[in-house]
Amino acid sequence: LVPVMPCIEDASGDPRFSDVLESALLASLRAAAPQGVNSRVQLARRSDEGTLVAGLDGSTSYGWLKIQLLWVTPELRRSGVGRKLMDRAFELATDRGCHACWLETSNRESQAFYRRLGFDIFGMLKNQTDQSPADHARWFFKRDLA
C-alpha cells in the first residue's frame, strides 16, 4: 500500500510535477489498455546564435498525435517554418503508428493556418458575453495523417 499524505498540497511550484504525474498516469493506462507508442514530439528551430525562434511540443498515444504547443517568432511567421515543424511532427507520428492529429487553440488568427494544413474543427468552447474574458473561445481541430 502506498502511504497517502492527509492533505492536498499546491504543487505548482514543483518544476517536475507535470512529468511525474504524466508518467504515473501513463503507467496506469498502459496497464489497462494498449496505447501504441506513447512518446514526446519536441522540435526546435534556432537562430545561428542558438536562440529558439520556433518550436513544437506534442505527444503520441492511442494512435493520435496531440500538438500541445506551436510557436514561431513573429519575424518568421508566414515563412514556412510553422508548416515545416508540423510536417516533421506528422512524419514522426506516422512512423510511431499514429493515424490522426488533434490540437486546440484560442488564437483566432491561427485557424487559417491549421485549415491550410488540412485540419477541421470538431469542437469549440466559448465564454458568454457576461463571462470573463467576454467572448473568449477555444477551438479543437483534427486531421487524418494518412
Side-chain angles (χ1 to χ4, degrees), residues 1-47 49-77 81-115 117-145:
L1 229 56
V2 177
V4 177
M5 295 180 66
C7 65
I8 304 297
E9 67 177 272
D10 180 358
S12 58
D14 181 350
R16 292 185 8 89
F17 179 75
S18 292
D19 291 335
V20 172
L21 182 63
E22 182 180 35
S23 292
L25 172 64
L26 293 177
S28 295
L29 292 172
R30 274 192 291 278
Q35 291 189 46
V37 178
N38 189 309
S39 59
R40 304 295 301 183
V41 175
Q42 295 176 312
L43 303 170
R45 170 80 183 266
R46 299 187 186 277
S47 69
E49 297 78 30
T51 302
L52 183 68
V53 294
L56 181 148
D57 184 37
S59 61
T60 63
S61 67
Y62 298 104
W64 286 82
L65 165 64
K66 179 186 181 195
I67 303 297
Q68 186 68 34
L69 301 168
L70 174 65
W71 172 78
V72 177
T73 189
E75 296 80 21
L76 288 179
R77 291 179 188 157
V81 172
R83 176 178 284 276
K84 288 178 183 174
L85 288 167
M86 293 292 285
D87 287 344
R88 182 65 180 134
F90 297 157
E91 289 173 18
L92 292 171
T94 300
D95 290 347
R96 296 174 192 179
C98 291
H99 57 81
C101 175
W102 76 280
L103 58 88
E104 61 182 272
T105 184
S106 60
N107 183 322
R108 291 180 190 278
E109 291 76 33
S110 68
Q111 289 186 49
F113 171 73
Y114 294 123
R115 287 182 191 278
L117 291 176
F119 283 87
D120 293 310
I121 292 176
F122 71 90
M124 183 179 89
L125 297 172
K126 184 175 181 182
N127 289 355
Q128 304 302 315
T129 55
D130 63 337
Q131 297 170 326
S132 181
D135 294 322
H136 177 268
R138 183 171 301 275
W139 296 271
F140 297 83
F141 286 85
K142 69 175 182 169
R143 73 160 266 187
D144 290 335
L145 295 178

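What you are looking at is a predicted structure, and each value in this text was computed from that prediction instead of being measured.
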Where do A134 and T129 come nearest, in terms of heavy atoms and distance?
CB-O, 3.4 Å

Relative to each other, are the rings of F122 and W102 parallel, tilted or perpendicular (30° and 60° limits)?
perpendicular

Any salt bridge linking R40 with E22? Criterion: basic side-chain nitrogen under 4.0 Å from a carboxylate oxygen.
yes

To the nearest 0.5 Å, tell me how far F141 CZ sits from R115 CZ.
5.0 Å

Heavy-atom pair of closest approach, residues I67 and C101
CG1-SG, 3.7 Å

Once rounded to the nearest 0.5 Å, what's the spacing between atom CG of L125 and atom CD of E104?
8.0 Å

Please identify each residue that fulfils side-chain hydrogen bond (donor to acceptor under 3.5 Å, both in side chains) with E75, with sequence neighbours left out.
T73

Exercise: do D10 and S12 side chains pair donor with acceptor under 3.5 Å:
yes

Within the 4.5 Å heavy-atom criterion, are S106 and H136 side-chain neighbours or not?
yes

Looking at K84, M86, R45, which one forms a side-chain contact (heavy atoms from CB on, under 4.5 Å) with L56?
M86

Rounded to the nearest 0.5 Å, how far does CZ of R83 lie from CZ of F113?
7.0 Å

Correct closest heavy-atom pair for L117 and R143 would be O-NH1, 2.6 Å

Mind checking whether S132 and N127 have side chains closer than 4.5 Å, heavy atoms only?
no

Considering all heavy atoms of both residues, which atom of A89 and which atom of L43 are nearest to each other, and what is their separation?
N-CD1, 3.7 Å

Testing the basics here: between V72 and R77, what is the closest heavy-atom pair and its distance to 0.1 Å?
O-NE, 2.6 Å

Would you mind reporting whether Y114 and L70 have side-chain heavy atoms less than 4.5 Å apart?
yes

